[in-house]
Asks: 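Please see the structure below; I have some questions.
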Amino acid sequence: MLFEVIKEEIKDLIRKVLPYCNLSENDIDFEVSESPLKEYGDFSCNLAFLLSKIQKKNPYEIAKNIVNDILPKYEIINKNKSLIESVSIERPGFINFRINLKGFLKMFFLKIMEVTMMPTIGTPEDLILIEHTSVNPNKALHVGHIRNAVIGDSLYRLFSSTRHNVKVLNYVDDSGLQIADIIVAFRYANIPIEEEKRNSESKKFDHYCGNYVYVKINELYSTRQDLEIERKSVLKELENPYSQISLFTHQIVNRILIDQLQTCWNIKCHYDILNFESQIIQSNLWESIFKILKEKQIIQFETTGRNAGCWIFKSQKEGDKVLVRSDSTITYFAKDIPYAMWKLGCIENPFEFEIFSQQWDNTNLYQTKMKREKEQSSSFNNLINFDKIKKVITIIDFRQERLQSLLLEILNKLGIENTKYRYLGYEPVTLSNKTAELLGVNRENKKSTQMSGRKGIFIEADTALNLLINKAYDEVIKRNPDISEKEAKFIAKEISISAIRYYFIKQDMGKIITFDINDSLSLEGDTGPYIQYSYARGMRIIDKMDYKIDSLSGIELSDLDLDLLNNEIELITHLCKFSTIIKESAYNYEPKLIAKYLFKLSTLFNNFYESSPILKEVGNKKTIRIRILYSSLLIMNHCMEIIGITPLNKM
RNA sequence: GGGCCCAUAGUUCAGUUUGGAUAGAAUGGCUGCCUGCGGAGCAGUUGGUCGAGGGUUCAAAUCCCUCUGGGCCCGCCA
């Protein structure tokens, strides 16, 4: 906040210079940025470089002219009121500004409440829908799914804490091929529903289905053609919600889904609504949209060629895409169209909302159900106000990017304003060679290995989390020999959640993450636990303080008191960027910016901790340091909340 | 064949959207620092022709072109 104020002041000053160069504000798009080195002052402006293009003169000469002639001649800097202390020029033509340090620090301590406050960006009126996780309900989540969930959940936290109204959706494909495979396994391949020998530690049904049943049935398909035929019939029967198969499938899906959600809840992900694909099919939304697509001639019936007998969409860029097969069943892609339109609120909502279960944060998780007669209808129907939807964000693997752009193309042709619809793609998580070898995969000359549920090549999310918990538990016991087991377990779990969430959030979404079961699960360095540790150290000081200060209300200080150490100034400067970072992160949908900011903050805080003792300090110096301490912890707390890291007082 | 993404220190990555000054972290290696508010830490040191070549520019890791290497997508699978 403060940071922006200073930047604005410098920009204002530059704007006043412009007329003397025969330019107006609209002619030129100059920039004021932080100087990379202290010797160059605090802020730099690139105006002279831009002018040199227009005036065809040396940028250094132009800068010299501005700083030495124009600024003093017209008394543009008001020394008494300004935070700008001095202006200098540097080759090859930078105009550098040094701010008045004492003035800046005074302002910080005066406005400390504003600096540490979470900025408000949205209004509760703006409804944002975020869809994430959406894992097929036939297996346990693997580490790749965690990336999706953590990105989505952090965005949910980011938008919620900046005062938006956010609802989180989780799409459950309970009528597709993957669940059909599990059903075939149980019904036609004599694979028992209950695991007979519990030789694995896990008792979770999703692990059994993903690790054994799904892999086994895929092996069987290659030798038993009868099973392939059964799969087709299962798929067909799933379209009828009252068939025996559908009812059975419903039970199996629910068991797996609950186990999957348990994993997500374990790492503190929040959801609001489960959207079952079977419900979308039942709603007959597709039929009405199909009709419109035909009427508007957005799709065509193919009579010749390899797609003969299908309804297809001819995309400008992406070629032909089948929506309705020649046997009149609809494709996965086609099902996405009504769902997207429902999310955007441009079709009448056929669903009501029913409680599915409670979740870890004591909120209700709802599921969509077909609307019943009025007198029976659920009381949760205003869960989503479809008129207020401002943004629909879908977090997906980059591999589905093509389908998403096809979807946007169709929405566009339907005349739907598709700027509200935003898909956020991320590159997948692969396994390092060492980790792949542990799973019995041998691929030489490869940098990493793609995970595959079908082939059984994956690291389960629960496995990774449990490994971390054990590792953290050992560390907690080592450091706190007298701790109760219950507390140690609690702390170990919080540490591992922070480690795993931070690990998946800090990296750029456009980069493949190569997961290594040993190297990726670190508790030191640029990690979540490091951040928690810094926070815990800070909290320790507050515990030991002989008196408590009750607020962060601003204080006025004399120049003498503001003789701070470099470490302290650096920390304060960083604190002042807080709201700027939050805004940037929300604007660009980039939670990683907050992770980066938070890590730097922790590092600066640790420096402060090492170099600026508080408890043994006295007088104003102590007051100042306590305020730095409090504001640091407060901002750390805000950022941790967004990443989903629990602040700990002890670890 | 068409399209998208990636390549920066031994390793894992920031920085590329919006060109800017001496390319930053973490980790590993080496060296220090606990009678001090917690050593999951701090300080120091080691380590880089920014995949290659060309172009634009006062200025290129960043923009443009070509090439190389790696990954993904292009199903009547989901």
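Note that this is a predicted model, so its numbers are computed, not measured. In what follows, chains are A, B, ... by sequence order, proteins preceding strands, each numbered from 1.
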Asks: What does nucleotides 32-39 of chain B look like as a protein-contact string, B for base, S for sugar-phosphate only, - for none, at under 4.0 angstrom between heavy atoms?
Replies: -----BBS
Asks: Identify, with sequence neighbours excluded, every residue that meets side chain to side chain contact (heavy atoms under 4.5 Å, CB included) alongside A/Ala536.
Replies: A/Met651
Asks: With rounding to whole Å, what would you report as the distance between B/rC6 and B/rU12 at their C1' atoms?
Replies: 15 Å
Asks: Test of understanding: with salt bridge (Lys or Arg N to Asp or Glu O under 4.0 Å), list the residues that count as partners of A/Glu31, not counting sequence neighbours.
Replies: none
Asks: Answer yes or no as to whether B/rA59 has its base stacked against A/Phe49, where stacking requires a ring-centre separation under 5.5 angstrom and planes under 30 degrees apart.
Replies: no
Asks: Can you list every pair that meets salt bridge (Lys or Arg N to Asp or Glu O under 4.0 Å) and has a residue in residues 424-437 of chain A, with sequence neighbours left out?
Replies: A/Lys434-A/Asp519
Asks: For A/Arg402, what residues pass the salt bridge (Lys or Arg N to Asp or Glu O under 4.0 Å) criterion, not counting sequence neighbours?
Replies: A/Glu318
Asks: What stems involve RNA chain B, if each pair must be Watson-Crick or G-U and both of its distances must be under 3.5 Å, with 3 or more such pairs in a row?
Replies: B:1-7 with B:68-74, B:10-13 with B:24-27, B:28-33 with B:41-46, B:51-55 with B:63-67
Asks: Can you name the salt bridge (Lys or Arg N to Asp or Glu O under 4.0 Å) partners of A/Asp526, sequence neighbours left out?
Replies: A/Lys506
Asks: Could you work out, with salt bridge (Lys or Arg N to Asp or Glu O under 4.0 Å) as the rule, every residue matching A/Asp181, not counting sequence neighbours?
Replies: A/Arg231
Asks: Using the C1' atom in both, what is the distance from B/rC67 to B/rA25, to the nearest Å?
Replies: 32 Å
Asks: Which residue pairs satisfy the salt bridge (Lys or Arg N to Asp or Glu O under 4.0 Å) criterion with at least one member in residues 45-56 of chain A, sequence neighbours excluded?
Replies: none
Asks: Just to be sure I understand the geometry, which residues of residues 137-148 of chain A put a non-hydrogen atom under 4.0 Å away from RNA chain B?
Replies: none
Asks: Check nucleotides 12-19 of chain B against the protein and report each pair of N or O atoms closer than 3.5 Å, with its distance, or say if there are none.
Replies:
{"from": "B/rC13", "atom 1": "OP1", "to": "A/Gln507", "atom 2": "OE1", "distance (Å)": "3.1"}
{"from": "B/rA14", "atom 1": "OP1", "to": "A/Asp508", "atom 2": "N", "distance (Å)": "3.0"}
{"from": "B/rA14", "atom 1": "OP2", "to": "A/Lys511", "atom 2": "NZ", "distance (Å)": "2.3"}
{"from": "B/rG15", "atom 1": "OP1", "to": "A/Lys592", "atom 2": "NZ", "distance (Å)": "3.0"}

Asks: Under the rule for side chain to side chain donor-acceptor pair (under 3.5 Å), what residues qualify as partners of A/Tyr171, not counting sequence neighbours?
Replies: A/Glu277
Asks: Return the value, rounded to whole Å, for the distance between atom CG of A/Leu323 and atom C1' of B/rG75.
Replies: 14 Å
